[in-house]
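In this chain, residues are counted from 1 in sequence order.
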Amino acid sequence: MANQIINYGAIVVSAAWMLLIALCKITAGSTTETEALLRWKQSLPHQSILQSWVTPATNNSSNAQSPCGWRGITCNTAGNVIQINLAYTGLEGTLDNLDFSSFPNLLSLDLKENQLEGSIPQNIGILSKLQYLDLSTNSLNGTLPLSLANLTQAFELDVSRNNLTGELDPRLFPDGKDQPKTGLISMKRFLIQNTKIGGRIPNEIGNMRSLVLLDIDLNSFYGPIPPSIVNCSQLSIILISKNHLSGPIPFNFGRLSKLTHLQFFTNNLSGSVPQGIGNLSMLTALHLAENNFTGQLPPQLCRGGKLVNFSAAHNSFTGPIPVSLRNCQSLHRVRLEYNQLTGYIDQDFGVYPNLTYMDLSYNKLQGHLSPNWGACQNLTVLRIGGNMIIGRILDEILQLKQLGHLDLSSNQLSGEISTEIGNLSSLSILRLNDNKFFGKIPISIGLLSKLQFLDISMNMLSGPIPFQLGDISNLLSLNLSQNFLNGTIPYQIGNLIALQVLLDLSYNSLSGEIPTQLGKLTKLISFNLSHNYLTGSIPSSLSDMLSLSSINFSYNQLEGPLPESNIFNSSQLEDFINNKGLCGKIQGLQPCKTSVTAQGGKDKKHKPVIIVVASLGIAFLGSWMLVGIFAFLSNKKAKFNSKEEDPTRNREYPFSVMYFNGKILYEDILEATKNFDDMYFIGEGASGKVYKAEMPSGQVIAVKRFSSQVNGLGVESAKTFKNEITTLTETRHRNIVKLHGFCSTGMHVFLVYEFMERGSLSDMLRNDKEAMELDWPKRVEIIQGVARALSYMHHDCVPPILHRDISSKNVLMCSDLEAHVSDFGTARFLEFDGSNWTTFAGTYGYAAPELAYTMAVTEKCDVYSFGVLVLEVLMGKHPGDLISKIQILDVESINVKDVLDPRLPPPVYKKIVHELQLVMKLVVSCLQVNPQSRPTMRNLSQLLEAEIFRG
């Protein structure tokens with residue numbers, strides 16, 4: 001007890017000392033609120049958002065001395081500042097020079113979603129009346145000041161999404177029973193999500209007895225969950241996912257009777273889940289996934305009948321499915337995959353009218369498929385792979401019109417695949433592999449126009465491959481291997497030009513020749529025709545399949561020369577063994593005999609001369625193009641440090657110029673990428689390849705190497721190179737990718753960017769697991785980030801900049817999942833005389849319709865592309881034909897829920913539902929056929945800020 005008194009005494013002394021300092025400052029000559037705000041403004045970079053903050057007029061008017069009319073400032077009736085709200089304004093600078101002692105009546109300080117840097121000032125605790133403090137989504141660093149303990153009246157503190165470090169000081173949460181009131185004990189909402197704060201969660205957090213929301217997701221906390229947390233009896237939401245917490249859930253967690261949302265996923269928690277959690281009758285969301293839990297799940301999880309979202313995937317749970325789930329009709333989403341759950345799937349589940357997502361994969365479930373699943377009419381994902389399910393696929397399941405993902409793989413299902421499977425019109429993923437299906441592949445599968453992944457390998461299917469499979473134009477992966485299929489390969493398979501991931505027809509009884517039409521599959525990466533009875537030669541058209549990285553033609557009866565392409569020259573002998581007589585450059589194959597006609601020889605004698613002349617011409621043009629570029633950049637006085645070059649190198653490459661930020665060196669980049677080795681390749685655009693490079697300092701960068709060397713840089717490539725540099729050196733915005741520098745020598749032409757850890761938005765939306773990270777609030781943030789960037793380019797740059805290629809591929813995501821607009825190779829400055837005629841630039845599917853009949857580019861083209869992008873973010877995929885439907889529909893007739901990505905649970909909270917409805921209205925306005933009917937990006941950005949984030 002004595003130690004406790006000493007500790008809390010220290011807090012009182014500390015708090016009193018800080019207040020004494022503040023009083024001394026006031027006594028020494030306190031500044032007025034107006035002067036304090038103006039001094040803070042003076043210390044910040046110049047920015048238009050503070051334009052209304054001007055020095056008062058020199059007259060006797062009391063209004064002239066008041067900041068109450070300034071942007072973001074609210075006063076009480078006495079004229080005292082009680083609120084500073086500059087949220088979502090792009091505010092830059094630090095808080096260092098904001099004199100908090102000048103605002104004794106301040107109740108609310110809201111600076112979220114800005115570009116503030118530096119630390120949170122230590123004297124922020126002077127604001128003793130403060131009730132609301134939100135500094136979230138900035139670039140603040142340092143630790144949480146202990147003086148926050150003086151904010152005894154604060155009910156909400158949010159410092160989420162910053163670079164804060166350190167630990168939670170227990171002295172922020174003292175017990176106020178036996179000592180003067182201090183600490184955050186009146187706090188109702190405490191949010192430090194997605195920072196770098198770590199250490200143990202202090203046991204003193206249990207003193208926050210008024211706490212309703214605790215959000216410490218995405219941090220570095222370790223150790224146990226403090227048992228004292230159950231003292232916070234008002235808690236409704238606990239979010240502690242994605243940390244390093246270990247140990248069990250406190251056994252008396254069931255005492256938190258007001259809990260509605262409990263999120264523990266992605267930690268190292270272990271032990272059994274307290275049975276008392278089943279007593280939480282208000283629970284709507286429970287997330288236990290990705291931990292080390294064992295034992296049985298509480299049987300009464302849905303006791304209150306309100307459970308909407310339940311995940312316990314990737315643990316070691318045993319025993320039965322919780323009995324209460326059978327009649328839990330409130331369920332929308334259930335994930336129990338990768339456990340050791342037992343039971344009978346046809347007995348443990350009922351009918352769920354609202355269910356959209358069910359994943360029971362890789363457990364030890366038995367029984368037959370139940371017709372109850374067919375009654376779940378809203379089901380979009382049904383995954384039961386990796387169990388011991390027997391019987392056949394019921395026709396009731398094959399009537400689910402909303403079903404987009406059906407995975408019944410690795411079970412013991414049998415019978416024929418029903419022709420009714422063609423009714424699954426929304427299906428994009430179908431996995432029936434590793435079962436005991438027999439009979440023919442139903443031709444009705446060809447009706448599944450949205451199908452992207454089809455795997456029916458490792459069964460006992462027979463008969464020919466239906467040519468109707470060639471009608472599935474969106475197919476990315478096709479696996480029919482390890483069956484008893486016979487006949488020839490239908491040439492219509494060559495129509496699957498979207499095929500990218502896999503084409504595997506191996507281990508069947510296919511015969512005849514390989515269709516030459518397969519050469520049209522130019523995006524295909526993996527191609528396997530091994531272990532069949534194919535005859536003839538490998539068509540030379542397959543040399544056009546430049547994306548191939550894995551092939552296998554072994555164990556057939558093929559003969560003749562291999563096609564001329566890299567993959568057929570660099571594969572292993574094992575990929576071609578046991579054939580009739582193949583020849584080629586592969587080590588171990590016999591070389592092919594060649595014969596040259598006299599006429600052919602004559603033609604070949606002249607080709608080298610043509611190549612040399614052409615190369616010299618391009619070199620001359622390219623070099624002088626680059627001289628112009630560099631002269632242009634010198635005149636622009638780009639803010640990069642020049643690296644002095646060796647005089648010998650200058651003589652060898654007279655037009656070489658290098659600009660860097662002073663830390664990134666040319667030789668280091670070549671070393672870091674092993675001279676642009678493919679192992680560092682991370683992506684490719686229209687103008688070149690992108691590589692990841694880790695510098696000696698530890699800094700990771702992205703290097704975009706242009707397709708041609710400097711001596712062969714053609715006119716269009718040179719223009720692209722110039723555009724990227726000139727555009728990016730003129731821009732500075734948190735949602736626009738940063739250009740560190742560029743290099744052009746006789747050997748290399750490349751740009752150096754900041755590295756975006758999560759890659760493109762397009763790739764994230766295509767990946768089911770990564771798309772799940774982009775929940776509805778995060779997707780709204782992405783939309784807002786792109787809107788800000790385009791608004792900045794269109795309205796804050798002089799002259800305005802048009803991007804001209806807004807698409808999900810050109811939006812890059814950093815580690816914090818913040819959107820950054822990239823790829824300015826087609827950008828151009830908007831001329832005020834209206835002479836913005838150009839050749840087509842952009843990505844088909846995003847380009848404005850007016851570009852089909854006029855090449856006059858305006859900022860409204862970017863607005864249209866933004867509308868398509870927003871719709872893609874909502875849907876999780878490119879909207880396709882939906883765009884034309886939206887253009888003719890009335891806004892009110894569009895049901896937003898019909899558009900939303902089915903992989904995410906439907907939005908529940910009213911705030912996010914309102915946000916998505918507003919976003920959908922903006923989409924409709926952006927996609928207007930008449931460019932003049934579209935809003936400006938500034939209007940769009942302001943609407944998003946004013947409406948979406950008001951509450």
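- Side-chain contact between M764 and R758 is present, with heavy atoms from C-beta onward closer than 4.5 Å.
- Although no hydrogens or angles enter the test, the distance criterion places no donor-acceptor pair under 3.5 Å between the side chain of S270 and the main chain of N292.
- Under 3.5 Å, the side chains of S228 and N203 contain a donor-acceptor pair of N or O atoms.
- Under the 4.5 Å side-chain criterion, counting only non-hydrogen atoms from C-beta, M772 is in contact with R903.
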request  = Could you check D169 against E204 for side chain to side chain contact (heavy atoms under 4.5 Å, CB included), going step by step and ending with a plain yes or no?
outcome  = CA-CA 9 Å; D169 194 315; E204 287 80 357; over 6 Å; no

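- The only option from L157, V159, L214 that meets the side-chain contact (heavy atoms from CB on, under 4.5 Å) definition with I192 turns out to be V159.
- For the salt bridge (charged side-chain N to carboxylate O under 4.0 Å, His left out) condition, no pair includes a residue of residues 267-279, sequence neighbours left out.
- L130 is not listed as a side-chain neighbour of L107, based on a closest heavy-atom distance of 4.5 Å or more.
- Residues passing the salt bridge (charged side-chain N to carboxylate O under 4.0 Å, His left out) test with K778, sequence neighbours excluded: E781.
- Atom CG of residue L301 and atom OG of residue S324 lie 5.5 Å apart, to the nearest 0.5 angstrom.
- For D816 (side chain) and C814 (main-chain N/O), no donor-acceptor pair under 3.5 Å exists by modelled atom type.
- Taking every heavy atom of both residues into account, L211 and R189 meet most closely at CD1-N, 4.2 Å.
- Looking at heavy atoms from C-beta onward, T342 lies out of side-chain contact with N363 at the 4.5 angstrom threshold.
- The distance from atom CD1 of I201 to atom CD of E167, rounded to the nearest 0.5 Å, is 11.5 Å.
- Here the CD-OG1 distance, from Q193 to T137, works out to 8.5 Å after rounding to the nearest 0.5 Å.
- Checked by atom type and distance alone, the side chain of R383 never pairs as donor or acceptor with a backbone atom of S361 at under 3.5 Å.
- At distances below 3.5 Å, at least one donor-acceptor pair connects side-chain atoms of T356 with backbone N or O atoms of H332.
- Taking CD1 from I84 and CZ from F103, the interatomic distance works out to 4.5 Å, rounded to the nearest 0.5 Å.
- A donor-acceptor pair is defined here as one N or O able to donate and one able to accept, closer than 3.5 Å; such a pair exists between the side chain of N315 and the backbone of N291.
- T195 and N219 are linked by a side-chain donor-acceptor pair at a separation below 3.5 angstrom, with hydrogens and angles left out of the test.
- Residues that satisfy the salt bridge (charged side-chain N to carboxylate O under 4.0 Å, His left out) test with D215, not counting sequence neighbours, are absent from this structure.
- Residue pairs that meet the salt bridge (charged side-chain N to carboxylate O under 4.0 Å, His left out) test with at least one member in residues 128-142, sequence neighbours left out, are K112-D134.
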request  = Apply the test side chain to side chain contact (heavy atoms under 4.5 Å, CB included) to residues K364 and Q340: give CA-CA distance (whole Å), side-chain angles for both, the deciding distance (0.1 Å), then the verdict.
outcome  = CA-CA 6 Å; K364 297 181 179 179; Q340 300 173 42; 3.9 Å; yes

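- Heavy atoms only, all atoms of each residue included: L256 and V230 are closest at CD2-O, 3.5 Å.
- The main-chain N or O of G198 is never found under 3.5 Å from a side-chain atom of S220 such that the two would form a donor-acceptor pair.
- Put simply, the side chain of S139 reaches to within 4.5 Å of the side chain of N163, judged on heavy atoms.
- Side-chain contact, N339 with S316: no donor N or O sits under 3.5 Å from an acceptor N or O.
- The side-chain contact (heavy atoms from CB on, under 4.5 Å) check on P905 picks up N309, R333, with sequence neighbours excluded.
- By the 30° and 60° cut-offs, the orientation of the rings of F173 relative to F190 is perpendicular.
- Judged purely by distance below 3.5 Å, without hydrogens or angles, the side chains of S102 and D99 pair a donor atom with an acceptor atom.
- In plain terms, the two heavy atoms of F755 and V700 that are nearest each other are CB-O, 3.4 Å.
- Applying the salt bridge (charged side-chain N to carboxylate O under 4.0 Å, His left out) test to every pair with at least one member in residues 218-234, sequence neighbours left out, gives no pairs at all.
- Pairs of residues two or more places apart, or lying in two chains, never qualify as disulfide (SG to SG under 2.5 Å) while including a residue from residues 213-292.
- W776 places no side-chain N or O within 3.5 Å of a backbone atom of L904 that could act as its donor or acceptor partner.
- In this structure, a donor-acceptor pair under 3.5 Å is present between the side chains of S760 and D763.
- Here the closest non-hydrogen pair linking N114 and N138 is C-OD1, 2.9 Å.
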Listing, residues 278-288 side-chain donor-acceptor contacts under 3.5 Å, not counting sequence neighbours, or none:
residue: N279; atom: OD1; partner: R303; partner atom: NH1; Å: 2.7
residue: T284; atom: OG1; partner: T260; partner atom: O; Å: 2.9
residue: H287; atom: ND1; partner: S311; partner atom: OG; Å: 2.9

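- By the side chain to side chain donor-acceptor pair (under 3.5 Å) test, S330 is found to be paired with no residue, residues two or more places apart in sequence or in another chain being considered.
- The OG atom of S136 lies 9.5 Å from the CG atom of L111; values are rounded to the nearest 0.5 Å.
- Under the 4.5 Å side-chain criterion, counting only non-hydrogen atoms from C-beta, T318 is not in contact with L341.
- A donor-acceptor distance shorter than 3.5 angstrom exists from the side chain of N767 to the backbone of E770, with no hydrogens or angles considered.
- Applying the side-chain contact (heavy atoms from CB on, under 4.5 Å) criterion to S108, with sequence neighbours excluded, gives Q83, Y132.
- E818 and R161 are not joined by a salt bridge, as no carboxylate oxygen comes within less than 4.0 angstrom of a charged side-chain nitrogen.
- Rounding to the nearest 0.5 Å gives a distance of 13.5 Å between NZ of K258 and CD1 of I237.
- A donor-acceptor distance shorter than 3.5 angstrom exists from the side chain of S147 to the backbone of G125, with no hydrogens or angles considered.
- Listed by chain and number, the residues in a side chain to side chain donor-acceptor pair (under 3.5 Å) with S241 are D217, Q263 (sequence neighbours excluded).
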Steps toward side chain to side chain contact (heavy atoms under 4.5 Å, CB included) verdict (M208, K188) = CA-CA 8 Å; M208 302 174 75; K188 292 185 178 181; over 6 Å; no

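- Across all their heavy atoms, N231 and G206 have their closest contact at CB-O, 3.5 Å.
- At a threshold of 4.5 Å between non-hydrogen side-chain atoms, the residues L135 and I120 count as touching.
- The two residues P226 and P250 make their nearest non-hydrogen contact at O-CG, 4.2 Å.
- The pair E757-K692 does not meet the salt-bridge criterion, since no charged nitrogen lies less than 4.0 angstrom from a carboxylate oxygen.
- Sorted pairs that involve residues 242-252 and meet side chain to side chain donor-acceptor pair (under 3.5 Å), not counting sequence neighbours, are lacking altogether.
- Side-chain contact check for F310 versus L325: some heavy-atom pair is nearer than 4.5 Å.
- Remark: the backbone N or O of L140 is paired with a side-chain donor or acceptor of N162 at under 3.5 angstrom.
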